[in-house]
Visitor: 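One structure, pasted below without further comment.
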Amino acid sequence: MVKLTLSLRYVNNDMKVAVIQDSANNNHYLKYLKAFAKGIDDSVDVCNSRDALKYDCAIIFGSYKAKRGKPAHRGKGTIVESGMPYVQIETQLVGRPITTALHNEFRVGVNGFLWDDAKWGFEFITHDRSKIVFERNGYDPNIAWKDNGEDILVCMQKVGDASLRGTNIFDWTRDTVIKLREHTHRKIIVRPHPLYRKGYAHKLLKEELMLLQDVHWQESDVKQNNFLSIQEQLKNIWCVVTYTSGTGIDAVLHGVPSIACDTGSMVYDVSSNKLEDVNDPYRGNKNEWANKIAHCQWSLEEFESGECWSHIKKSL
């Protein structure tokens with residue numbers, strides 16, 4: 001794989017910005033960074049991530065995992081570990097695709113990518129863009145909460161994902177199901193992440209959980225012909241339980257109540273946060289949240305036009 005890097009100088013109150021292309025590990029991600037760069041300025045310089053420290057801030061693609069040795073992670077690590085301010089482009093929130101890593105829209109935050117660790121520029125919001133972002137992805141920001149579902153859906157996450165913040169997803173799932181059973185008699189369905197890793201560990205967890213009363217395992221390997229989409233599964237769900245999984249967003253988008261167990265969840269503010277609330281989960285107002293989420297997510301066109309940069313640079 002060819003390592004490419006790109007830097008861009010943009011003077012904004014004497015701020016020099018580096019767009020780090022060796023933070024992307026394929027040409028698709030590289031395209032996204034170039035689109036973002038275009039929205040800042042049309043003129044670009046070439047530099048390596050190791051040279052970015054001469055700049056005041058940087059733009060990176062994806063989350064940094066310190067234990068990963070791939071060039072893209074080393075590129076991101078140079079920026080994150082330096083302590084310099086950075087803009088992080090990450091996975092889509094509203095309307096996120098499950099079967100592909102190639103997105104048309106992205107979350108964009110400063111110094112992070114989770115609800116409680118990034119700067120999203122909420123204090124600079126001047127208008128409501130929730131209808132624009134939701135509708136172009138096929139959703140209604142004002143959808144009513146459901147109250148007629150039957151089952152509890154516990155959603156696992158990709159093993160080792162940065163959003164877990166070091167939490168062991170197998171331990172979390174086991175402990176969560178056991179505690180939920182103390183508070184509800186409803187059927188509990190465990191849904192692994194569609195992109196399996198560590199299949200044997202999943203097998204052991206499945207065997208253990210299936211011994212509990214009315215606990216079921218949803219085979220969700222996206223590579224299998226019988227793959228069940230989250231949209232289809234949500235039709236009969238009373239409440240979705242997640243750590244920081246994007247499935248929590250899918251739930252709220254479909255009007256299904258959520259329990260978000262970590263403050264980094266992007267639906268933490270419109271979810272219950274305790275497992276004991278499973279029988280009466282949060283169904284409050286979500287208008288403010290919808291507008292905030294819409295200011296976290298931007299299209300490629302909004303990258304190129306500079307609209308995203310105009311908003312996010314205020315938090316640097």
Side-chain angles (χ1 to χ4, degrees), residues 25-26 28-29 32 61-63 65 68 70 90-107 113-114 137-139 149 151-174 176-177 180 187-210 215-256 258-262 264-267 271 293 297:
N25 61 8
N26 61 51
H28 290 285
Y29 297 166
Y32 307 148
F61 188 92
S63 54
K65 303 177 183 69
R68 303 284 177 87
K70 292 183 178 180
E90 253 287 357
T91 51
Q92 190 167 341
L93 298 167
V94 179
R96 66 194 184 105
I98 299 298
T99 58
T100 177
L102 308 180
H103 298 181
N104 292 316
E105 301 193 13
F106 307 86
R107 81 179 86 176
F113 70 105
L114 296 174
N137 285 285
Y139 292 98
D151 307 329
I152 310 298
L153 184 65
V154 177
C155 293
M156 298 179 67
Q157 291 174 236
K158 191 161 35 174
V159 178
D161 193 77
S163 63
L164 287 169
R165 295 167 152 172
T167 295
N168 183 302
I169 191 59
F170 299 104
D171 292 342
W172 175 83
T173 303
R174 179 188 305 106
T176 296
V177 171
L180 281 171
K187 175 181 176 180
I188 299 175
I189 302 172
V190 176
R191 182 184 174 95
H193 191 278
L195 300 177
Y196 273 50
R197 289 180 59 197
K198 297 188 179 295
Y200 185 65
H202 279 89
K203 178 178 180 293
L204 293 179
L205 178 64
K206 175 182 177 180
E207 292 174 350
E208 182 178 357
L209 294 180
M210 294 287 282
V215 174
H216 302 257
W217 186 273
Q218 175 63 56
E219 297 295 348
S220 61
D221 188 344
V222 70
K223 299 176 183 178
Q224 301 301 317
N225 292 331
N226 61 349
F227 172 71
L228 181 67
S229 70
I230 187 63
Q231 291 81 4
E232 186 67 25
Q233 184 148 50
L234 285 172
K235 291 180 179 179
N236 194 44
I237 297 301
W238 169 260
C239 180
V240 169
V241 183
T242 63
Y243 189 73
T244 53
S245 172
T247 312
I249 298 176
D250 294 324
V252 174
L253 293 178
H254 286 82
V256 177
S258 161
I259 297 178
C261 296
D262 185 79
S265 169
M266 299 300 288
V267 293
S271 302
I293 281 291
Q297 178 165 314

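Just so it is clear, the model here is predicted, and its values are computed rather than measured.
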Visitor: Quick one: list whatever passes side chain to side chain donor-acceptor pair (under 3.5 Å) with E90, sequence neighbours left out.
Guide: S63

Visitor: Among all residues two or more places apart in sequence or in another chain, which pass the salt bridge (Lys or Arg N to Asp or Glu O under 4.0 Å) test with K235?
Guide: E232

Visitor: Who pairs with H28 by side chain to side chain donor-acceptor pair (under 3.5 Å), at least two apart in sequence or on another chain?
Guide: none

Visitor: Can you sort out the partners of S163 under side-chain contact (heavy atoms from CB on, under 4.5 Å), two or more places apart, ordered by chain and number?
Guide: F113, L114, Q157, D161, T244

Visitor: Residues in side chain to side chain donor-acceptor pair (under 3.5 Å) with S229, at least two apart?
Guide: none

Visitor: Looking at residues at least two apart in the chain, or sitting in another chain, which of them share a ring-ring contact (aromatic ring centres under 6.0 Å, His included) with H254?
Guide: Y139

Visitor: For T242, enumerate each residue passing the side chain to side chain donor-acceptor pair (under 3.5 Å) test, keeping only those at least two apart in sequence or located in another chain.
Guide: none

Visitor: I'd like to check the salt bridge (Lys or Arg N to Asp or Glu O under 4.0 Å) partners of K203; sequence neighbours left out, ordered by chain and number.
Guide: E207

Visitor: Side chain to side chain donor-acceptor pair (under 3.5 Å) with R191: which of H216, Q233, Q218?
Guide: Q233

Visitor: Who passes salt bridge (Lys or Arg N to Asp or Glu O under 4.0 Å) against D262, sequence neighbours left out?
Guide: R165

Visitor: So, using side-chain contact (heavy atoms from CB on, under 4.5 Å) as the criterion, who are the partners of N104 when residues are at least two apart?
Guide: none

Visitor: Under the rule for salt bridge (Lys or Arg N to Asp or Glu O under 4.0 Å), what residues qualify as partners of E105, not counting sequence neighbours?
Guide: R136

Visitor: For residues 245-254, pull every pair meeting salt bridge (Lys or Arg N to Asp or Glu O under 4.0 Å), keeping only residues two or more places apart or in separate chains.
Guide: R96-D250

